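Values below: every heavy atom of this structure, side chains too, minus hydrogens, waters and symmetry copies. Order of appearance sets the numbers: ligands from 1, and atoms from 1 within every ligand. The structure presented is a predicted model; accordingly, all values stated were derived computationally and were not measured.
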Amino acid sequence: MSVTISENIKYIGVDDTDIDLFESQYQVPEGVSYNSYLILDEKVALMDTVDARKMSQWETNLKETLAGRTIDYLVLSHLEPDHAGSIARLVELYPDVTLVGNAKTFQMLPQFFEGQVQDCEKVVVKEGEELSLGQHKLQFYMAPMVHWPEVMVTYEVTEKVLFSADGFGKFGALSLTEGEDWACEARRYYFNIVGKYGNPVQALLKKAATLDIATICPLHGPILKENLGYYIGLYDTWSKYEPENKGVLVAYASIHGNTKKAAEKLGEMLKEKGVEKVVVSDLARDDMAEVIEDAFRYDRMILCGASYDGGVFPCMQDFLHHLQSKAYQKRTVGILENGSWAPCAAKAMREIVDSLKDVTVVEPVVTIRSTVKESDLANMEQLASAIAEA
Ligand code: FEO
């Protein structure tokens, strides 16, 4: 896959199309890219390495692009193994390389690497400090918790390139997703991987607003060159936990299909009431990361859960715990429970929902017994109206 950035800034990343689950939890049907970049000047800087899974292909790209030159600096934006996994090999190949990171980078580095990596020369950079490569000049900005505490981004002044670490990253191998809509898989990536850290992302966006950026080079997904305001605007909305679109996610946890029927009926009622967008999702079967993405995307949600073991069916509990840990907030929620002898799902769902910041639960909370019957419809209509009008 040939990716062009500029005459002197080269893409040497790799696609991973045979990974089963990214971070051992996220389905990536179109794979993922591990991006790595070379800046060729009087001095040569390498911007991050790649996951060890694809080290061999990356090493080939690296040597071809260097064409016999050596590497002066390795800039470490982030030590998570999907980017730092090939540091030891790099140091083996170029033992005179100087590692560039911040104080937290070098605190954490020995946890991952011993021996030769520890013996390298190191440059410890602070906020706003500059490193000259010749014509190109690297400025470093700390971005703690965008996704890990040691994360920093690098701004190359001459070509106005922001190396944004995990920020603006997206699932999908570059070779399989060329020209694809960016937001869909970037949103799923954002809310599941970075979503908990809205405030740190806001802090980074404020720093980025002071820079004149022409190109964004993230550690995953495509290089962004045009219409940067669109991507930055979405990151601003997402990191403020504001809904991106008006709409309702109806998320259900159904054992034998009866709670599913209630969810689908609520979905129809919402559409009849003119709700802009209605998405009905099966928490037992649909991609959980996708449902989490939709929960954040829309401004309202209805939870439909079957009672189970004195609580709620586990996939609903799992979903709500995910939302809790990703700091779901500023939304309106409706609740429907199903129970055959002792309905208890609503109480279990409500306990978690009530712990969320600025989340309003609308009335009525609806209880159905085993199946949706004619006598349930009035209550369900009331719930659908309350959500449609919220
Ligand atoms: Fe792509 Fe947080 O590593």
Query raised in the report: Can you give the angle Asp82 OD2 - atom 1 (Fe) of ligand 1 - His83 NE2, rounded to 10°?
Result: 90°
Query raised in the report: Is it true that Arg188 and Asp287 make a salt bridge, defined as a side-chain N closer than 4.0 Å to a carboxylate O?
Result: yes
Report summary line: For atom 2 (Fe) of ligand 1, the nearest N/O/S atom on His147 is atom ND1
Query raised in the report: Any N/O/S atom of His78 sitting less than 2.8 Å from atom 2 (Fe) of ligand 1, backbone or side chain?
Result: yes
**Report entry** Atom name of the N, O or S atom in Glu80 that lies nearest to atom 2 (Fe) of ligand 1
**Finding:** OE1
Query raised in the report: Does the ring center of Phe168 lie less than 6.0 Å from the ring center of Tyr235?
Result: yes
Report summary line: CG of Asn338 to CG of Leu336, rounded to nearest 0.5 Å, is 7.5 Å
**Report entry** N/O/S atom of Asp166 inside 2.8 Å of atom 1 (Fe) of ligand 1, strictly under
**Finding:** yes
**Report entry** Glu180, His220, Glu30, Glu185 screened by side-chain hydrogen bond (donor to acceptor under 3.5 Å, both in side chains) with Lys170, the one that passes
**Finding:** Glu180
Report task. Show the numbers, then the answer: is there a side chain to side chain donor-acceptor pair (under 3.5 Å) between Asp15 and Ser33? Result -> CA-CA 4 Å; Asp15 279 349; Ser33 71; 4.7 Å; no
